[in-house]
Colleague: 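Quick one: the structure is below, questions incoming.
Just so we're on the same page: letters track the sequence lines, and every chain starts at 1.
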Amino acid sequence: MASPVTSITQIGRHDGETVTLRGWLYNLRESGKLLFPIFRDGSGVIQGVVAKNAVAPEVFETVKHLTLESSVIVTGKVRADKRAPGGYEMDVESVEVVQKVPTEDPFPISLKEHGVDFLMEHRHLWVRTPRQAAILRIRAEIENAAREFFNERDFVLTDPPILTPAACEGTSTLFEVDYFNDPAFLTQSGQLYIEATAMALGKVYSFGPTFRAEKSKTRRHLTEFWMVEPEVAFLELDGLMELAEQFITHIVKRVLERRRADLVTIERDVATLEKIEAPFPRISYDEAVKMLQEGHAKGELEQKFEYGGDLGSPDETYLSNKFDRPVMVHRYPAKVKAFYMEPDPQDPSKALCVDVLAPEGYGEIIGGSQRIGSYEKLAQRIKEHELPEEAFKWYLDLRKYGGVPHAGFGMGIERAVAWICGLEHVRETIPFARTLTRIYP
RNA sequence: UCCUCAGUAGCUCAAUGGCAGAGCAUCCGGCUGUUAACCGGAGGGUUGUAGGUUCGAGUCCUACCUGAGGAGCCA
């Protein structure tokens, strides 16, 4: 008679019963005629107990010689135990080894510390460790919360193309691919395309991978990353900023509700996340520059900030550290921003745009703007930026056939995950990071 | 592209220019409540590559390779 199969997170429901777990051997300790195998099944971890005088000799010998990360099907009796970190232990009765890790080639990742290069080279195995698994569950929660936020508000998910004929923004370096003997590029943003679907459906969003061939080598950069981008017809900058702060607040709230145990596993300071509530502080570029120049005068900031330039990474860190929640910096000089941004009617040298800087020095997690509504203005900008007019003909059409004020933003998933998880580097936020120096595994 | 740092056992690291070592992992042995268990033993090395200085180089010099962090650029 087979015992019921359960998962480790559900095991508390079976106290005193005999159940079956399917998973992997995470660790094995022994003390004379007692064995303490620790099993994991993806949902959690539980310690088993095998006493030599309580089981058949072959069960004891099998467990004693099990190698780490061997896959097993274990049957035993669940017992509440104050000594167990999860509250329960299993008195093992039988073990079926699905696949034994060869002793001459053991699982490479030990419970001791490893270097970054080694871990990234073994990313396919590193994801099994409790910390990495927790991060990936939190990432999934963030992605679900993002979709939920837009779906609840009647946004329509529209998937933009990944192969594009030309640069979206004309700035970044793109990955070029051969498209039947013609050059094509991997998208750096779905934005221009969802502006078109927003004119069809009103409120839309996209959620997908984007690619940048920039030679960026920092803890904030990947060459392939995921972005969620809403785009809304008849929305202006103030409404966009409200949307952004509600969006972030919703995501943080969901993670706190549903992934608290994982936040504890990765030792995230939950209290700082609990402070994240709308409204977020809003400062103009001019105000930000004033803060940066004061910071430099006080010696808190090494580099002197020159008015008119874009904020550098140390500048963003300095600004974000002044607040306990994300700060929204709006109305940057138009010349440091993308060609499609609507100029501020109060001061046409400024763009109606906003960057949301995450706290604790995580930098820009959202960039957005109101888009240029006028055909003539946009056509002029395309010329000024020396973009191929042919490639942007369809984009201009959006201003010819019923153009309206509209706005949207993009949030980089990996930076949001890094911030919410409190990670040192975005490479841990995605199952398989693609960086300047790494495309394996 | 630029700046800084690093490369020694499967992993994490040590070794004043003078015999290449430790912990973990693996294997063997011991221990009936271990918590990255502990104790004893064994195996395991082209010191990133090439050249140079020297009686002698893991160590000093030159070039290169690889990686990490940062700048720029960006989400």
Side-chain angles (χ1 to χ4, degrees), chain A residues 26-38 45-54 60 64-65 67-69 79 81-86 89 91 101-122 125-126 129-130 169 171-174 188-191 209-229 302-303 309-317 336-338 355-358 362-368 409-419 424-427 429-430 435-438:
Chain A
Y26 173 61
N27 197 10
L28 177 63
R29 287 186 283 260
E30 57 174 299
S31 176
K33 296 177 178 61
L34 277 181
L35 302 175
F36 299 100
I38 300 181
V45 164
I46 190 171
Q47 174 165 284
V49 183
V50 188
K52 190 165 191 176
N53 62 9
F60 189 85
K64 186 180 165 117
H65 292 104
T67 38
L68 299 191
E69 287 300 319
R79 174 171 46 74
D81 193 306
K82 274 181 289 205
R83 291 168 292 192
E89 289 188 340
D91 290 318
V101 174
T103 57
E104 66 276 13
D105 200 1
F107 191 71
I109 298 179
S110 71
L111 280 65
K112 292 273 185 178
E113 285 182 27
H114 295 285
V116 169
D117 187 43
F118 177 81
L119 289 170
M120 289 305 289
E121 198 69 15
H122 295 85
L125 305 176
W126 188 25
T129 60
E169 306 187 5
T171 50
S172 296
T173 316
L174 304 187
Q188 62 169 314
S189 163
Q191 183 207 313
T210 51
F211 308 86
R212 306 275 167 99
E214 298 285 351
K215 303 216 168 180
S216 298
K217 247 182 97 171
T218 82
R219 68 182 66 185
R220 297 177 305 279
H221 289 90
L222 299 173
T223 54
E224 175 183 314
F225 64 98
W226 288 66
M227 204 149 57
V228 55
E229 298 176 277
E302 205 174 312
Q303 198 84 36
D310 203 355
L311 301 185
S313 186
D315 305 320
E316 290 182 354
T317 300
V336 303
K337 287 292 181 181
D355 282 0
V356 180
L357 310 181
Y362 280 94
E364 183 185 347
I365 51 171
I366 280 182
F409 64 74
M411 182 180 82
I413 296 294
E414 287 73 18
R415 284 193 185 173
V417 176
W419 162 52
E424 279 294 304
H425 201 297
V426 290
R427 67 182 157 226
T429 66
I430 185 167
T435 67
L436 184 57
T437 56
R438 186 172 298 283

Colleague: Going by an N to O cut-off under 4.0 Å, is there a salt bridge joining E30(A) and K64(A)?
Modeller: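 So E30(A) pairs with K64(A) through a salt bridge.
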
Colleague: Given A75(B), C74(B), A71(B), identify the nucleotide with an atom nearest to the side chain of E364(A).
Modeller: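 That would be A75(B).
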
Colleague: Any idea which of G72(B), G69(B), C73(B) is nearest the P314(A) side chain?
Modeller: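 Comparing G72(B), G69(B), C73(B) against the side chain of P314(A), the answer is G72(B).
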
Colleague: Can you tell me the base-pairing partner of G44(B)? Count Watson-Crick or G-U wobble geometry only, both distances below 3.5 Å, and say none if there is no partner.
Modeller: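 Looking at the geometry, G44(B) pairs with no nucleotide.
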
Colleague: Nearest whole angstrom, please: distance from the C1' of C31(B) to the NZ of K64(A).
Modeller: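 The answer, rounded to whole Å, is 10 Å.
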
Colleague: For residues G190(A) and E229(A), report the shortest heavy-atom separation together with the two atoms involved.
Modeller: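 Reported closest heavy-atom pair: N-OE1, 2.9 Å.
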
Colleague: Select base, sugar-phosphate, or nothing to describe what D310(A) touches, counting heavy atoms under 4.0 Å on all strands.
Modeller: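 Sugar-phosphate, backbone atoms only, no base.
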
Colleague: Give a yes/no answer on whether the side chain of R29(A) brings an N or O atom under 4.0 Å of OP1 or OP2 in U32(B).
Modeller: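 Checking R29(A) against U32(B): no side-chain N or O falls below 4.0 Å of OP1 or OP2.
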
Colleague: Reckon F118(A) touches a base, only the sugar-phosphate, or nothing at all at heavy-atom distances under 4.0 Å?
Modeller: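 If one applies the 4.0 Å heavy-atom cut-off, F118(A) turns out to touch the sugar-phosphate alone, with no base involved.
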
Colleague: Provide the distance between the two C1' atoms, one in C60(B) and one in A22(B), to the nearest whole Å.
Modeller: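 Each nucleotide's C1' atom is 26 Å from the other's.
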
Colleague: Is a salt bridge present between R438(A) and E121(A), judged by a nitrogen-to-oxygen distance below 4.0 Å?
Modeller: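 Yes, charged N to carboxylate O under 4.0 Å.
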
Colleague: Give a yes/no answer on whether the side chain of H425(A) brings an N or O atom under 4.0 Å of OP1 or OP2 in G69(B).
Modeller: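 Yes, H425(A) has a side-chain N/O under 4.0 Å of OP1/OP2 on G69(B).
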
Colleague: If each of V336(A) and H114(A) is mapped to the nucleotide of RNA chain B with the nearest heavy atom, which maps nearer the 5' terminus, i.e. the 5' end?
Modeller: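 Comparing both residues, the 5'-ward one is H114(A).
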
Colleague: Rounded to the nearest angstrom, tell me the gap between atom NZ in K215(A) and atom C1' in G70(B).
Modeller: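 Answer to the nearest Å: 17 Å.
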
Colleague: How far does OG1 of T210(A) sit from CD of Q188(A), to the nearest 0.5 angstrom?
Modeller: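 If I round to the nearest 0.5 Å, the distance is 8.5 Å.
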
Colleague: Check whether any side-chain nitrogen or oxygen of T67(A) sits under 4.0 Å from OP1 or OP2 of U26(B), and answer yes or no.
Modeller: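 Answer no for this pair, as no side-chain N or O of T67(A) is under 4.0 Å from OP1 or OP2.
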
Colleague: Between U32(B), C74(B), G70(B), which nucleotide has the shortest distance from any of its atoms to the side chain of R219(A)?
Modeller: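 My answer, after comparing the listed nucleotides, is G70(B).
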
Colleague: If each of Q47(A) and H65(A) is mapped to the nucleotide of RNA chain B with the nearest heavy atom, which maps nearer the 5' terminus, i.e. the 5' end?
Modeller: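 By nearest-heavy-atom nucleotide position, the 5'-most residue is H65(A).
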
Colleague: Has the side chain of E104(A) got a donor or acceptor that lies under 3.5 Å from a partner of the other kind on the base of C27(B)?
Modeller: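 Side chain to base: no pair present.
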
Colleague: Applying a 4.0 Å non-hydrogen cut-off, can you work out what S216(A) is touching in the nucleic acid: base, sugar-phosphate, or nothing?
Modeller: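 It contacts base atoms.
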
Colleague: Under a 3.5 Å limit for both distances, which nucleotide forms a Watson-Crick or G-U wobble pair with G56(B), could you say?
Modeller: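 Base partner found: none.
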
Colleague: Considering only atom P, compute the distance from C19(B) to G41(B) and round it to an integer number of Å.
Modeller: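 The same atom, P, in both gives a distance of 24 Å.
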
Colleague: M227(A) side chain: which of G72(B), A75(B), A25(B) is closest?
Modeller: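 In terms of side-chain proximity for M227(A), the closest of G72(B), A75(B), A25(B) is A75(B).
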
Colleague: If you round to the nearest 0.5 Å, how far is CZ of R212(A) from CD of E224(A)?
Modeller: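 It is 12.5 Å, given to the nearest 0.5 Å.
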
Colleague: Rounding to an integer number of Å, can you tell me how far E69(A) CD sits from A25(B) P?
Modeller: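 It works out to 15 Å between those atoms.
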
Colleague: Counting the atoms with a prime plus P, OP1 and OP2 as sugar-phosphate, which does G363(A) contact under 4.0 Å by heavy atoms, base, sugar-phosphate, or nothing?
Modeller: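 The answer is nothing, as G363(A) stays clear of every strand by at least 4.0 Å.
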
Colleague: Go through the N and O atoms of the side chain of E89(A) and the base of G33(B), and report whether any donor-acceptor pair is under 3.5 Å.
Modeller: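 Flag set: donor-acceptor pair detected.
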
Colleague: Among U32(B), C73(B), A75(B), which nucleotide has an atom closest to any side-chain atom of R220(A)?
Modeller: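 The listed nucleotide nearest to R220(A)'s side chain is C73(B).
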
Colleague: Looking at A68(B), which nucleotide sits across from it as a Watson-Crick or G-U wobble partner, both distances under 3.5 angstrom, or is there none?
Modeller: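 For A68(B), the partner nucleotide comes out as U4(B), under the 3.5 Å rule.
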
Colleague: Regarding E414(A), tell me which of base, sugar-phosphate or nothing describes its non-hydrogen contacts under 4.0 Å with the strands shown.
Modeller: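 If one applies the 4.0 Å heavy-atom cut-off, E414(A) turns out to touch nothing in the nucleic acid.
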
Colleague: Give one of base, sugar-phosphate or nothing for N27(A), where a contact means two heavy atoms less than 4.0 Å apart.
Modeller: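 If one applies the 4.0 Å heavy-atom cut-off, N27(A) turns out to touch the sugar-phosphate alone, with no base involved.
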
Colleague: Does a distance-only test, which skips hydrogens and angles, find a donor-acceptor pair under 3.5 Å between the side chain of K217(A) and the base of A71(B)?
Modeller: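 A donor-acceptor contact between them is absent.
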
Colleague: Mind checking who C38(B) pairs with, Watson-Crick or G-U wobble, both distances under 3.5 Å?
Modeller: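 Its partner is G30(B) (Watson-Crick or G-U wobble, both distances under 3.5 Å).
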
Colleague: Kindly compute the distance separating CZ (F60(A)) from NZ (K33(A)), expressed to the nearest 0.5 Å.
Modeller: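 F60(A) atom CZ to K33(A) atom NZ measures 8.0 Å (nearest 0.5 Å).
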
Colleague: Which part of the nucleic acid, if any, lies within contact of S31(A), taking any heavy atom under 4.0 Å across all strands shown: a base, the sugar-phosphate backbone alone, or nothing?
Modeller: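 Base, at least one base atom sits under 4.0 Å.
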
Colleague: Given the C1' atoms of A14(B) and C28(B), what is the spacing between them in whole Å?
Modeller: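 The answer is 28 Å between these two C1' atoms.
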
Colleague: Checking the side chain of R427(A) only, and the main-chain atoms of T435(A) only, is there a donor and an acceptor separated by less than 3.5 Å?
Modeller: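 No, R427(A) side chain to T435(A) backbone: no donor-acceptor pair under 3.5 Å.
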
Colleague: Can you identify which nucleotide, out of A36(B), U32(B), A75(B), has its nearest atom closest to the L111(A) side chain?
Modeller: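 For the L111(A) side chain, the nearest candidate turns out to be A36(B).
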
Colleague: Should L68(A) and P106(A) count as side-chain neighbours, where that means a heavy-atom distance under 4.5 Å?
Modeller: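 Not touching, per the 4.5 Å side-chain cut-off.
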
Colleague: So, does T437(A) get its side chain near the phosphate of A68(B), meaning an N or O under 4.0 Å from OP1 or OP2?
Modeller: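 For A68(B), OP1/OP2 do have a side-chain N/O of T437(A) under 4.0 Å.
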
Colleague: Regarding U26(B), can its base be found pairing with the side chain of D105(A) as donor and acceptor, where the two atoms are less than 3.5 Å apart?
Modeller: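 Side chain to base: no pair present.
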
Colleague: Identify the nucleotide, in any strand shown, that forms a Watson-Crick or G-U wobble pair with C24(B), with both distances under 3.5 Å; if there is none, say none.
Modeller: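 Checking every strand shown, C24(B) finds its partner in G10(B), with both distances under 3.5 Å.
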
Colleague: If you check every side-chain atom of E214(A), which of C73(B), A36(B), C74(B) has the closest atom?
Modeller: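 Closest nucleotide among those given: C73(B).
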
Colleague: Which is true for H122(A) with a 4.0 Å heavy-atom rule: it touches a base, it touches only sugar-phosphate, or it touches nothing?
Modeller: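 Nothing, no nucleic acid heavy atom in range.
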
Colleague: Is the ring centre of F225(A) under 5.5 Å from the base ring centre of A75(B), and are the two planes under 30° apart, so that they stack?
Modeller: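 By the stated criterion, F225(A) and A75(B) stack.
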
Colleague: Considering only atom P, compute the distance from G45(B) to G21(B) and round it to an integer number of Å.
Modeller: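 It comes out at 13 Å once rounded to the nearest Å.
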
Colleague: In whole Å, what is the span from the CG atom of L35(A) to the P atom of U32(B)?
Modeller: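 My rounded result for the distance is 12 Å.
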
Colleague: Can a donor-acceptor pair be found, under 3.5 Å and without considering hydrogens, that links the side chain of T429(A) to the backbone of A418(A)?
Modeller: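 No, the answer is negative, given that no donor and acceptor are paired below the 3.5 Å cut-off.
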
Colleague: NA contact type, K52(A), heavy-atom cut-off 4.0 Å: base, sugar-phosphate, or nothing?
Modeller: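 Here K52(A) touches no strand at all.
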
Colleague: Does a side chain donor of either Q47(A) or R29(A) reach within less than 3.5 Å of an acceptor in the other side chain?
Modeller: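 Yes, R29(A) and Q47(A) have a side-chain donor paired with an acceptor closer than 3.5 Å.
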
Colleague: Between C1' on G10(B) and CD on E121(A), what's the gap in Å once rounded to a whole number?
Modeller: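 Spelled out: CD on E121(A) to C1' on G10(B) is 13 Å.
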
Colleague: Can you check the distance between U8(B) and U4(B), where both ends of the measurement are the C1' atom (answer in whole Å)?
Modeller: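 22 Å, rounded to whole Å.
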
Colleague: In whole Å, measure the gap between the P atoms of A68(B) and C13(B) for me.
Modeller: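 That atom pair is separated by 15 Å.
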
Colleague: Quick one: E424(A) CD to G70(B) C1', roughly how many Å, whole number?
Modeller: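 Going from CD in E424(A) over to C1' in G70(B) covers 13 Å.
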
Colleague: How close or far is atom C1' of U66(B) from atom CG of D117(A), stated in whole angstroms?
Modeller: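 The answer, rounded to whole Å, is 8 Å.
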
Colleague: Could you tell me how far apart L68(A) (CG) and C24(B) (P) are, to the nearest whole angstrom?
Modeller: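 In whole Å, C24(B) P and L68(A) CG are 14 Å from each other.
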
Colleague: Could you measure between the two P atoms, the one in U49(B) and the one in G7(B), and give it in whole Å?
Modeller: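 The answer is 13 Å between these two P atoms.
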
Colleague: Name the nucleic acid region contacted by L222(A), choosing base, sugar-phosphate or nothing; use a 4.0 angstrom heavy-atom cut-off, strictly under.
Modeller: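 Contact class for L222(A): base.
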
Colleague: Give me the distance, rounded to whole Å, that separates G44(B) from C38(B) when you measure between the P atoms they each carry.
Modeller: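 Per the computed distance, 24 Å lies between those P atoms.
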
